[in-house]
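Here is how names work: the chains are called A, B, and so on, in the same order as the sequence lines, proteins then strands, and each is numbered from 1.
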Number of protein chains: 2
Amino acid sequence: MVGRVARAATTTDAFNAVAEPRRRQILDVLAAGERSVTDLVAALDLAQPQVSKHLRVLHEVGLVAVREDGRRRLYRLEGRGLKPIHDWVAGFARHWEDRFGALDAVLEELTGETDGNDHEG
Amino acid sequence: MVGRVARAATTTDAFNAVAEPRRRQILDVLAAGERSVTDLVAALDLAQPQVSKHLRVLHEVGLVAVREDGRRRLYRLEGRGLKPIHDWVAGFARHWEDRFGALDAVLEELTGETDGNDHEG
DNA sequence: CAACCATATTCCGATATGGGAATACGTCAA
DNA sequence: TTGACGTATTCCCATATCGGAATATGGTTG
């Protein structure tokens, strides 16, 4: 029962939090502005408890912030938390954008990057 | 019982595939060019079976492509698969980029966002 | 063919995840 | 205070994920 980790905890980082479709939906809704749990429940067609649970995860990972308003809790998007993902993915943009694709091809030709293993010439 | 889904399968989409740190590492390495499984094992300090397993997932999701070279399999990045993630996250960029932040603040002022019901003009 | 190298697959165990249902708060209205 | 509402937490369970070890599969070399 020591270091045995079966799977990275969902609550670990934004990458994991966002891997769950429902949570992405929640963020999509919140992108339009503050929403109460009930609002989200209605918008997502998901049971209230599950919404609260997902919000918990999103909150722990810093993707949303809460504000109390009477007996309601208004959640709002904390977009900054998505930046790590954006930054990481952006690093690969050249790999799917055509204009870069051509350039990459040339660079690989020039640097022999394609392998680093020197296979088959 | 059929519909009982405990958790979205990792093999479902790029979001899930990339939620796993190791798999991100693999993609990072592949970003530099084609690599054999052995190369990856060395680069990642991870056991060969696990690397193969992760590659399987990445392959099924379309994030990597394989090429056979004798008894080796050379994997290469299939960057395009990351585009969905990029696109989704990019939609939130305005939420963390300062220059947009200011604009958003103004818009919220104007639209009475704080009310929580009327939003996004 | 045999020994060997490269990679994939299978079996195992520990874990935690997500939905559903029930329930526990905390707040507001009468 | 009582009761209704809004939200969070807990319990249960089926599932699947990950790493580790062992093994299977397949090509290569001698």
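- What separates CD of B/Gln25 from P of D/dC18 is a distance of 14 Å, to the nearest Å.
- Counting atom types as modelled, B/Gln50 pairs a side-chain N or O with a base atom of D/dG20 as donor and acceptor under 3.5 Å.
- Atoms NZ (B/Lys53) and P (D/dT23) sit 15 Å apart, rounded to a whole Å.
- The CZ atom of B/Arg71 sits 6 Å away from the P atom of C/dA6 (whole-angstrom rounding).
- In this structure, the CG atom of B/Leu40 is 14 Å from the P atom of C/dA6, given to the nearest Å.
- For A/Val37, the side-chain atoms get nearest to D/dA8 when compared with the rest of C/dT7, D/dG6, D/dA8.
- You won't find any donor-acceptor pair under 3.5 Å spanning the side chain of B/Gln48 and the base of C/dA6, going by distance alone.
- Spacing between atom CG of A/Leu46 and atom P of C/dG18 amounts to 12 Å, rounded to whole angstrom units.
- Remark: A/Arg73 is not in phosphate contact with C/dG26, judged by side-chain N or O atoms under 4.0 Å from OP1 or OP2.
- Per the geometry, CG belonging to B/Leu55 stands 16 Å off P belonging to D/dT17, to the nearest Å.
- The local environment of CG in A/Asp45 is sparse, with at most 12 non-hydrogen atoms from other residues, nucleotides or ligands closer than 6.0 Å.
- For A/Arg80, the CZ atom sits in a loose shell: 12 or fewer heavy atoms of surrounding residues, nucleotides or ligands are nearer than 6.0 Å.
- The distance from atom CG of B/Leu58 to atom C1' of D/dT17 is 14 Å, rounded to the nearest whole Å.
- Under the side chain to side chain donor-acceptor pair (under 3.5 Å) test applied with A/His54, the options A/Arg23, A/Gln25, A/His59 reduce to a single match, A/Arg23.
- Look at B/His54 and you'll find a side-chain N or O under 4.0 angstrom from OP1 or OP2 of D/dG19.
- In this structure, B/Arg56 does not reach the C/dT7 phosphate: none of its side-chain N or O atoms is under 4.0 Å from OP1 or OP2.
- Remark on DNA chain C: of its neighbouring residues A/Asp69 and A/Pro49, the 5'-side contact belongs to A/Pro49, judged by nearest-heavy-atom nucleotide.
- Between B/Ser36 and B/Arg72, the closest heavy-atom pair is CB-CD, 4.3 Å.
- OP1 and OP2 of D/dG6 both lie 4.0 Å or more from every side-chain N or O belonging to A/Tyr75.
- Results of the salt bridge (Lys or Arg N to Asp or Glu O under 4.0 Å) test with B/Glu34 over B/Arg73, B/Arg67, B/Arg76 single out B/Arg67 as the only residue that passes.
- B/Glu20 has its CD atom 14 Å from the P atom of C/dA16, to the nearest Å.
- Between C/dG19 and A/Arg22, a contact under 4.0 Å exists linking OP1 or OP2 to a side-chain N or O.
- Contact check, A/Arg72 against C/dG26: no side-chain N or O comes under 4.0 Å of OP1 or OP2.
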